[in-house]
Amino acid sequence: MFFVICGAIVAALAVFFKVDTIEVTGNSRYTDSEIAESGNIRVGDNLFLINKFGAAEEITRKLPYISSVRISRKLPDTLCIQVEENGALCALEQGGETWLLSSSGKLVEKTNTAAEATRVTGLTALEPEAGKALQVDAEQQSAKETLLTLLAALNSREALSRCQEIHLEDGSYITLRFDGRFDVLLSWDADFGYKLDCLLAVVDTKLEENEKGTIDLTRKEVRFVPG
């Protein structure tokens, strides 16, 4: 009797609850159909038999600008796909090539035009490929993790767009080019959130719009050197 009931339930699911509407939200770079097709989701599929997690993985793998996907059901016949796109990007330059990198560390694409993206130097990607996480050699692993922490701190303060360059070559400190007129020095082991709050407070409230120079955040106190 148990198997008969289970069979009846499966049969009912197969007949009813078919996807009639695919509702996509959060997208601007990709069309609704591109997102659905990349997850192998089609009108007519069974609403309850779709592998939501597998589809989400396929979407983020095939569409590099998408950072996260959440799939849910809306009875009786709608499948909802909510995506989040990589908005804040930086440009990793190496060997004459430029790769766009998301703040989460995902390589988005190789490009010739990255004028508006924050330029990052001092890291070398190993076998870069769009849609995959940035891979570096063992010697640069710590620098990569530090960069991602710094990017997250900049992004959360909506300050990444104000940062034109991030230089990681110097083992003593990190250098940011900020607002196009300041060279900002940061220690590698700094509390980036706190230091960036100090930077924003100084730049936005203490310095005049025509001032430029070096802001040293490697000390306990903020030091500004005009120049």
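The analysis underlying the following values was restricted to heavy atoms, covering all of them including side chains, and did not include hydrogens, waters or symmetry mates. As the structure is a prediction and not an experimental result, all values here were calculated from the model.
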Cut-off 3.5 Å, no hydrogens considered: what does the side-chain donor-acceptor table look like for residues 75-82, sequence neighbours left out?
none

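- Residues Phe224 and Lys206 form no side-chain contact, since every pair of their non-hydrogen atoms from C-beta on lies 4.5 Å or further apart.
- Evaluated for a side-chain contact (heavy atoms from CB on, under 4.5 Å) with Thr98, the options Glu93, Lys110, Glu109, Arg119 yield exactly one hit, Glu93.
- A pairwise comparison of heavy atoms in Leu89 and Ser102 identifies CD2-CA, 3.7 Å as the closest pair.
- Judged purely by atom type and a 3.5 angstrom limit, Thr31 uses its side chain to pair as donor or acceptor with the backbone of Glu34.
- Within the 4.5 Å cutoff, the side chain of Glu165 has heavy atoms near those of the His167 side chain.
- Across all their heavy atoms, Ser103 and Leu148 have their closest contact at O-CD2, 3.9 Å.
- Residues Thr121 and Glu169 bring a donor and an acceptor atom of their side chains to less than 3.5 Å of each other.
- Tyr30 has its side chain out of reach of Ile59: every pair of non-hydrogen atoms, C-beta onward, lies at least 4.5 Å apart.
- Taken from CD in Gln164 to OG1 in Thr118, the straight-line distance is 7.0 Å, to the nearest 0.5 Å.
- Environment of CZ in Arg181: crowded, with over 12 heavy atoms of neighbouring residues, nucleotides or ligands closer than 6.0 Å.
- Under the 4.5 Å side-chain heavy-atom criterion for Ile, Leu, Val, Met, Phe, Trp and Tyr, Val43 and Phe17 are members of the same hydrophobic cluster.
- Contact of the Leu199 side chain with the Ile215 side chain is registered, since non-hydrogen atoms from C-beta on lie closer than 4.5 Å.
- Nearest heavy atoms, Leu92 versus Leu123: CD1-O, 3.7 Å.
- Side chain of Lys144 to backbone of Val136: no donor-acceptor contact under 3.5 angstrom is found.
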Worked check of side-chain contact (heavy atoms from CB on, under 4.5 Å) between Trp188 and Leu168
CA-CA 9 Å; Trp188 280 91; Leu168 306 171; 3.9 Å; yes

Report the C-alpha distance between Ile71 and Ile50 in whole Å, list the side-chain angles of each, state the deciding distance to 0.1 Å, and finish with yes or no for side-chain contact (heavy atoms from CB on, under 4.5 Å).
CA-CA 10 Å; Ile71 299 176; Ile50 291 174; 5.5 Å; no

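- Within the 3.5 Å criterion, the main-chain N or O of Ser28 finds a donor-acceptor partner in the side chain of Glu85.
- Formation of a donor-acceptor pair under 3.5 Å by the Gln140 side chain with backbone atoms of Gly122 is found in this model.
- Rounding to the nearest 0.5 Å gives a distance of 8.0 Å between CD1 of Ile174 and CG of Leu147.
- Remark: Glu37 CD to Ile22 CD1 distance equals 9.0 Å, nearest 0.5 Å.
- Between Asp179 and Lys212 there is no salt bridge, since no side-chain nitrogen of the basic residue lies less than 4.0 Å from a carboxylate oxygen of the acidic one.
- Residues Ile41 and Phe48 are members of one and the same hydrophobic cluster, defined by side-chain heavy-atom contacts under 4.5 angstrom among Ile, Leu, Val, Met, Phe, Trp and Tyr.
- Two residues are said to be in side-chain contact when any heavy atoms from C-beta on lie closer than 4.5 Å; Phe178 and Leu200 meet this criterion.
- Considering CG of Asn51 and CG of Asn40, their distance stands at 10.5 Å, rounded to 0.5 Å.
- Between the side chains of Asp216 and Thr218, at least one donor N or O sits under 3.5 Å from an acceptor N or O.
- Put simply, the side chain of Leu154 reaches to within 4.5 Å of the side chain of Ile166, judged on heavy atoms.
- Proximity of Arg73 to Lys52: side-chain heavy atoms (C-beta onward) are separated by under 4.5 Å at one or more points.
- Applying the under-4.5 Å side-chain rule to Ile, Leu, Val, Met, Phe, Trp and Tyr, the cluster around Leu185 extends to Tyr173.
- For Arg157 against Asp197, the heavy-atom pair with the smallest separation is NE-OD1, 2.7 Å.
- At a threshold of 4.0 Å, the pair Lys18-Asp45 does not count as salt-bridged, since none of the basic side-chain nitrogens sits closer than that to a carboxylate oxygen.
- Atoms CG and CZ, from Leu176 and Phe192 in turn, are 8.5 Å apart once rounded to the nearest 0.5 Å.
- Of the inter-residue distances, the one linking Leu63 atom CG with Glu58 atom CD reads 10.0 Å to the nearest 0.5 angstrom.
- Scanning all heavy atoms of the two residues, the minimum distance from Ala55 to Gly39 falls at CB-O, 3.6 Å.
- Crowding of Glu221 atom CD: a count of heavy atoms from other residues, nucleotides or ligands under 6.0 Å exceeding 12.
- When side chains are defined from C-beta on, Arg162 counts as touching Val203, because their heavy atoms get closer than 4.5 Å.
- Of the possible polar contacts, none joining the Lys106 side chain to the Asn86 backbone as a donor-acceptor pair under 3.5 Å is found.
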